[in-house]
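Down below is the structure, laid out as structure tokens.
When a ligand or atom number is given, it counts from 1 through the structure's own listing order.
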Amino acid sequence: MARFIFITGGVVSSLGKGLASAALGALLQSRGFSVKFRKLDPYLNVDPGTMSPYQHGEVYVTDDGAETDLDLGHYERFTGVDLTQKANITAGRIYQQVLAKERRGAYNGGTVQVIPHVTDAIKDFTLDNVEDVDFILCEIGGTVGDIEGLPFFEAIRQLGHDLERNQAIFIHLTLLPYIPTAGELKTKPTQHSVKELRSIGIQPDILLCRSDREIPANEMRKIALFCNVREDSVIQALDVNSIYEVPLSYHAEGLDEAVLRAFDIKDAPEPNLSRWQEISEIVANPDGHVNITIVGKYVELEDAYKSLKEALMHGGISNQIKVNLNWINSVDVNRENVDELLSQTHAVLVPGGFGERGSEGKIEAVRYARLNKVPFFGICLGMQLAVVEAARNLAELDGAGSSEFGDPKHKLIGLMTEWTKDNEKVERKIESDLGGTLRLGAYNCIFDKDSKIAGIYGDTTISERHRHRYEVNINYKQQLEDVGLCFSGLSPDGLLPETIEYKDHPWFIGVQYHPELKSQIFKPHPLFVSFVAAAVDQSRLV
Ligand code: GLN
């Protein structure tokens, strides 16, 4: 049976629990262990699919079409472990299950309560499908003390008890703030946070202390003493320049050693961290840099485009190049200022998004990149708007647009009500709940064998993850191909355009899917590798 590592957070949110879990997973892998992940989110949404990116950052989509927490992206990117709906649950979904069971009469007339019914449902989820792996890293969202988190903390407390000895440990992530007026790092918030955790019955085995500077030895001892944690299990987690240095940094501070000690594992192989060292080397000493501009909507919050940002980093690392990202809010872009805004950039990317606001600015960015032969990458909405741009400016279809934004004269982008997946028809009902109308998860796409994109993938049949409601209208294919926009990739039944490109442009590709969701540090996505390489070529011209 697998060993469980429960990871909780305290003091403040956004300390990087997800990253810490992913990095620890990578460290355990480097010693030859297999890992799986669980993320338990205490909020009441059934999934993050309906939440604004401003609230919750990116919605990460898995192959099986689950809309999940962005931390799952960290787990996959760092460890290459394939995740599914089984890796993420919310309080909303737990309650949905419990209430459905109650309606079926499955509780035999009993009073349905948080303990044991909700906590049992959380435990069942955590314990499902854990046979064939060495470690389960299970992260609890939010911070200790949150009211909505209580059933989750109670469930993992019980698990710590139910499981055999040396079968579960608890890691608590905290922050040591530096107070400039006192010239000191403060341990009190950590002490309070651990006190809170212990008051609900959880004694952490390891403390991972985030800090922006070295923590003095006497402070580490103080934390150990007051928090009742072994001194060698108080680990400092210093800020690093790149998230890809986190595994090396945690290893240097002794995190994986502390974990093995806590489980009383004495014969673990030494870690092989050479591939992380190689990455860290490239990040520290790149051969040069490129400037890539992202013309998007949620630019104030980079978490909204987490996977995209990382995929671009992966593309940079495999080209030994530093990628500087420049974020522009598309609301601020228009025909008059677009030249000035984009003249210094080596490539333009229009990412996925929802809603009309800023769409005209994105269309101007597409037009700029097309006319000036600047590498252009359109993802999901970005591809849809590239199609609209071609329709308006090349095919002269005035009033071309997307039905997402009203009722355009030429519906280049529209709602398809049915399509085929694995030989079965999928129906989309316009009146269904918002959560139920998206095309989600992995779908196959077939490339024209002579297309540029087929060359980049080195294949003509690929599978990529989707998350969108609207589709490019196949009925305009001929008209657009006549003016140079090539429909290079289609769904296997030939009805849904999946990718577009211009033959007479150095690099102009649009994809209806989200390639960024499948890019990993040790498996960089070919489109991002190629796009960054095109930006490097462009940088030699600018
Ligand atoms: N809003 C568009 C759609 O629903 C694109 C979605 C996206 O970019 N993820 O089809």
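A salt bridge links Arg210 with Asp239: at least one charged nitrogen is closer than 4.0 Å to a carboxylate oxygen. With respect to Arg467 and Glu516, no salt bridge is recorded, no charged nitrogen being found less than 4.0 Å from a carboxylate O. Note on Glu404 versus Arg469: no salt bridge recorded, every NZ/NE/NH1/NH2 to OD/OE distance being 4.0 Å or above.
Aromatic pair Tyr457/His525: centroids less than 6.0 angstrom apart. The aromatic ring centres of Tyr244 and His314 sit less than 6.0 Å apart.
Closest to atom 10 (O) of ligand 1, if we only count protein heavy atoms, is Tyr470 N, 2.7 Å. Here the protein heavy atom with the shortest distance to atom 3 (C) of ligand 1 is Arg469 N, 3.4 Å. For atom 2 (C) of ligand 1, the nearest non-hydrogen atom of the protein is Glu404 OE1, 3.2 Å.
Residue His514 approaches ligand 1 through these ligand atoms, each under 4.0 Å from one of its heavy atoms: 9 (N). Counting the atoms of ligand 1 from 1 in the order shown, those under 4.0 Å from a heavy atom of Cys380 are 5 (C), 6 (C), 7 (C), 8 (O), 9 (N). The ligand atoms of ligand 1 that sit less than 4.0 angstrom from a heavy atom of Arg467 are 6 (C), 7 (C), 9 (N). Every atom of ligand 1 is numbered from 1 in the order shown, and the set under 4.0 Å from a heavy atom of Leu381 is 5 (C), 7 (C), 8 (O).
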* **CA sep, side-chain torsions, deciding dist, call: Thr68, Lys39, side-chain contact (heavy atoms from CB on, under 4.5 Å)** => CA-CA 9 Å; Thr68 68; Lys39 173 83 198 278; over 6 Å; no

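Taking distance alone, with nitrogen or oxygen atoms compared against 3.5 Å, Gly353 approaches ligand 1 more closely than that limit.
Using a 3.5 Å distance cut-off with no hydrogens or angles, the side chains of Tyr443 and Glu498 do not pair a donor with an acceptor.
Residue contact check for ligand 1: Glu471 places no non-hydrogen atom closer than 4.0 Å to it.
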